Enquirer: 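Below you will find the structure I want to go over with you.
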Amino acid sequence: MEDLERIFRTRFKFQTNIVALNASSKPQHQMDRSLITFIEQNDGPRNLLIVYYTGHGVYRNDYKRLELWAESLNYHESRRGPYVNWHRSEDILR
């Protein structure tokens, strides 16, 4: 992840920000806060947001949502533990 961040920052001159979602507080709030901060600082037609997630997740067909799990959780904890509903976070960008 750090290598990709360095390429974006040095080669393409993008402003970058790495956000590590964790289970210490609600990951949904962490993700949404990061997106809202980006929008507040960069809203405009010539700006680009790239969200690159490296972690575990699953598409829940029964709920029609993509769940991204906090880094400290394993599969069994994530099935009932905190997660990010990507579709909810994506609504912030619309």
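Model, not experiment: these values are computed from the prediction.
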Enquirer: Would a hydrophobic clustering, with Ile, Leu, Val, Met, Phe, Trp and Tyr connected at side-chain separations under 4.5 Å, put Y52 with V58?
Expert: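 No; V58 is not reachable from Y52 via cluster members.
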Enquirer: Just to verify, what does K64 make a side-chain hydrogen bond (donor to acceptor under 3.5 Å, both in side chains) with, not counting sequence neighbours?
Expert: N61
Enquirer: Compile the donor-acceptor pairs under 3.5 Å between side chains in residues 3-10 and protein atoms, sequence neighbours left out, one pair per line.
Expert:
residue	atom	partner	partner atom	Å
D3	OD1	R6	NH2	2.5
E5	OE1	R9	NH2	3.3
E5	OE2	R9	NE	3.0
E5	OE2	T16	OG1	2.4
T10	OG1	R6	O	2.7

Enquirer: Hey, could you give me the CG/CG distance between L35 and L93, rounded to the nearest 0.5 Å?
Expert: 5.0 Å
Enquirer: Could you tell me which residues satisfy side-chain hydrogen bond (donor to acceptor under 3.5 Å, both in side chains) with Q30, sequence neighbours excluded, listed by chain and number?
Expert: S25
Enquirer: Check the hydrophobic clustering (I, L, V, M, F, W, Y; side-chain heavy atoms under 4.5 Å; chains of links allowed) and say if F12 and M1 are grouped together.
Expert: yes
Enquirer: Please name all residues satisfying side-chain contact (heavy atoms from CB on, under 4.5 Å) with H87, sequence neighbours left out, ordered by chain then number.
Expert: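 H87: side-chain contact (heavy atoms from CB on, under 4.5 Å) contacts with Y59, R65, L66, N85, E90.
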Enquirer: Between NE2 of H29 and CD1 of I36, what distance do you get to the nearest 0.5 Å?
Expert: 10.0 Å
Enquirer: So, do I50 and F14 sit near enough that their side-chain heavy atoms are less than 4.5 Å apart?
Expert: yes
Enquirer: Under a single-linkage definition using a 4.5 Å side-chain heavy-atom cutoff for Ile, Leu, Val, Met, Phe, Trp and Tyr, are I18 and V51 assigned to the same hydrophobic cluster?
Expert: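 Looking at the clustering, V51 is in a separate group from I18.
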Enquirer: Please enumerate all residues that pass side-chain contact (heavy atoms from CB on, under 4.5 Å) together with S34, with sequence neighbours excluded.
Expert: V19
Enquirer: Between P82 and Q28, is there a side-chain heavy-atom distance shorter than 4.5 Å?
Expert: no
Enquirer: The test is side-chain contact (heavy atoms from CB on, under 4.5 Å); show your working for W69 and L21 and say whether it passes.
Expert: CA-CA 8 Å; W69 303 331; L21 304 176; over 6 Å; no
Enquirer: Other than Y63, what residues sit in its cluster of Ile, Leu, Val, Met, Phe, Trp and Tyr side chains whose heavy atoms are under 4.5 Å apart, directly or through others?
Expert: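 Taking Ile, Leu, Val, Met, Phe, Trp and Tyr as members, Y63 stands alone, with no cluster partners.
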Enquirer: Which residue pairs pass the side chain to side chain donor-acceptor pair (under 3.5 Å) test when at least one of the two sits in residues 38-49, sequence neighbours left out?
Expert: none
Enquirer: Could you check whether any side-chain heavy atom of T37 comes within less than 4.5 Å of a side-chain heavy atom of N17, counting everything from C-beta outward?
Expert: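 With C-beta onward as the side chain, the pair stays apart.
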Enquirer: Within the 4.5 Å heavy-atom criterion, are S89 and V84 side-chain neighbours or not?
Expert: yes
Enquirer: Check the pair D91 / R88 against salt bridge (charged side-chain N to carboxylate O under 4.0 Å, His left out), numbers first and verdict last.
Expert: CA-CA 5 Å; D91 285 341; R88 180 176 153 194; over 6 Å; no
Enquirer: How long is the span from the CD1 atom in I92 to the CZ atom in R33, to the nearest 0.5 Å?
Expert: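 Those atoms lie 11.0 Å apart.
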